[in-house]
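One structure is given below, encoded as structure tokens.
In listed order, ligands and their atoms are each counted from 1.
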Amino acid sequence: MKTDFPDLTIETQEEIVVITIDRPKALNAINLNVMKGLNEIFGENGLPPNVRGVIITGSGDKAFAAGADIKEFSFDNEATAELSAFGHDTFKQIEHCKVPVIAAVNGFALGGGCELAMACHIRIADKKASFGQPEINLGIIPGYGGTQRLPQLVGKGRALEILLTGSMIDADEAYRIGLVNQMSDPGESLPQALKMMKVVVSKAPIAARNIIESVNAHYAMPERSYAIEIEKFGESFLTEDAREGISAFLEKRKPEFKGK
Ligand code: CAA
């Protein structure tokens, strides 16, 4: 896959791609380069078919991403609406990615950084990480889906508290309210995410894709989401992996999934 993106480092570990936002001096603030790179990677044909999982993290030990790059903001209403729409498009691609995406949150996840983590399917946070939507402190509101995904994860009341106070919460609190799935020891969010991803990629890939689609359907098209699960359940029985998984169970052996 293409690995040469400004302000991003891409490493491939077997079938797992690790994307690192590489702007530690700016606390990995999400500038246009980062957003364009993510848009290309998660866009059509960005991830090769052999990729089974993606991890997103930040470089250095201080930040996952401290938000959209404030230095790139302009007071042009059209330009900011465009910036927001591009961010929405990119983060939607991550949310709807055909393979599981885990955020290894190694430090500050603020504003657009928190929104990026929330667009991923699973979040693992370093114990010293902190989260927040501080946009209100700048006199603006989240522009990359924060007002929508935060209530989905933590409920409306807690989301409004985080959004309206603009205060940061620590990893313990983020874990307590369900914003993150697991906490890691300091410096261990990426290894812990890789460990979890290795479990995930050992499972049936088409089933993983259908699970993501069915769960997303609840939010994207709630009137059809139960019907979508029924369709996907039926479809999963047409895969070679279903034959393999069910035979392996009956034969008391470990399944070997091929993603077919
Ligand atoms: N954009 C651009 N640069 C940023 C940045 C951001 N979001 N966050 C930090 N930086 C830069 C700082 O300007 C500073 O650069 P210089 O050395 O050139 O001055 C460098 O990163 C280090 O930052 P600090 O000196 O501020 O580090 P600190 O440890 O004292 O504070 C912090 C850390 C509390 C995270 C603080 O940097 C901060 O409050 N950052 C801004 C957080 C924020 O408001 N995020 C939301 C952005 S808006 C948004 O994201 C909208 C959206 O939804 C699309």
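- For atom 30 (O) of ligand 1, no protein non-hydrogen atom is found at a distance below 4.0 Å.
- Scanning all protein heavy atoms for the shortest distance to atom 37 (O) of ligand 1 gives Leu27 CD1, 3.6 Å.
- When Gly132, Gly111, Ala66, Gly67 are ranked by how near their heavy atoms come to atom 43 (C) of ligand 1, first place goes to Ala66.
- When only non-hydrogen protein atoms are considered, atom 34 (C) of ligand 1 lies nearest to Met168 CE, 3.8 Å.
- Here atom 19 (O) of ligand 1 lies nearest to Lys71 when heavy atoms of His88, Lys71, Lys25, Glu72 are compared.
- By the 3.5 Å distance cut-off applied to N or O atoms, Gln133 is not counted among the residues near ligand 1.
- A side-chain N or O of Thr90 and one of Asn39 form a donor-acceptor pair less than 3.5 Å apart.
- By the 4.0 Å N-to-carboxylate-O rule, Lys98 lies too far from Glu213 to be salt-bridged with it.
- Residue, atom and distance of the protein heavy atom nearest to atom 4 (C) of ligand 1 are Ala26 O, 3.8 Å.
- Residue Pro142 approaches ligand 1 through these ligand atoms, each under 4.0 Å from one of its heavy atoms: 53 (O).
- Residue contacts with ligand 1 for Phe91 are absent, since no atom lies close enough (heavy atoms, distance under 4.0 Å).
- Note on Arg224 versus Glu231: salt bridge recorded, some NZ/NE/NH1/NH2 to OD/OE distance being below 4.0 Å.
- Side-chain contact check for Ser59 and Asp22: at least one donor-acceptor pair (N or O, by modelled atom type) lies under 3.5 Å.
- Shown in contact with Pro134 at under 4.0 Å from a heavy atom are these atoms of ligand 1, numbered in order with element: 43 (C), 44 (O), 45 (N), 46 (C).
- Residue Ile141 has no nitrogen or oxygen atom sitting less than 3.5 Å from a nitrogen or oxygen atom of ligand 1, judged on distance alone.
- Contacts between Ala29 and ligand 1, counted as non-hydrogen atom pairs separated by less than 4.0 Å, involve the side chain only.
- Set against the non-hydrogen atoms of Glu115, the atoms of ligand 1 under 4.0 Å away are 52 (C), 53 (O).
- With hydrogens left out, the protein atom closest to atom 39 (O) of ligand 1 is Leu110 CD1, 4.8 Å, a heavy atom.
- In the vicinity of Asp69, heavy-atom distances shorter than 4.0 Å reach the ligand 1 atoms 1 (N), 2 (C).
- Taking a distance limit of 4.0 Å, we find that atom 15 (O) of ligand 1 is approached by some protein heavy atom.
- When each atom of ligand 1 is checked for a heavy atom of Phe73 under 4.0 Å away, the hits are 48 (S).
- Each of the following atoms of ligand 1 lies closer than 4.0 Å to a heavy atom of Gly112: 49 (C), 50 (O), 53 (O).
- Using modelled atom types, one finds no donor on one side chain facing an acceptor on the other under 3.5 Å when comparing Asn31 with Asp69.
- Heavy-atom contacts of Tyr144 reach the following atoms of ligand 1: 53 (O), 54 (C) (cutoff under 4.0 Å).
- Residue contact check: Lys62 has heavy atoms under 4.0 Å from atoms 27 (O), 28 (P), 29 (O) of ligand 1.
- Using a 4.5 Å cut-off on side-chain heavy atoms (C-beta onward), Thr80 and Phe73 make no contact.
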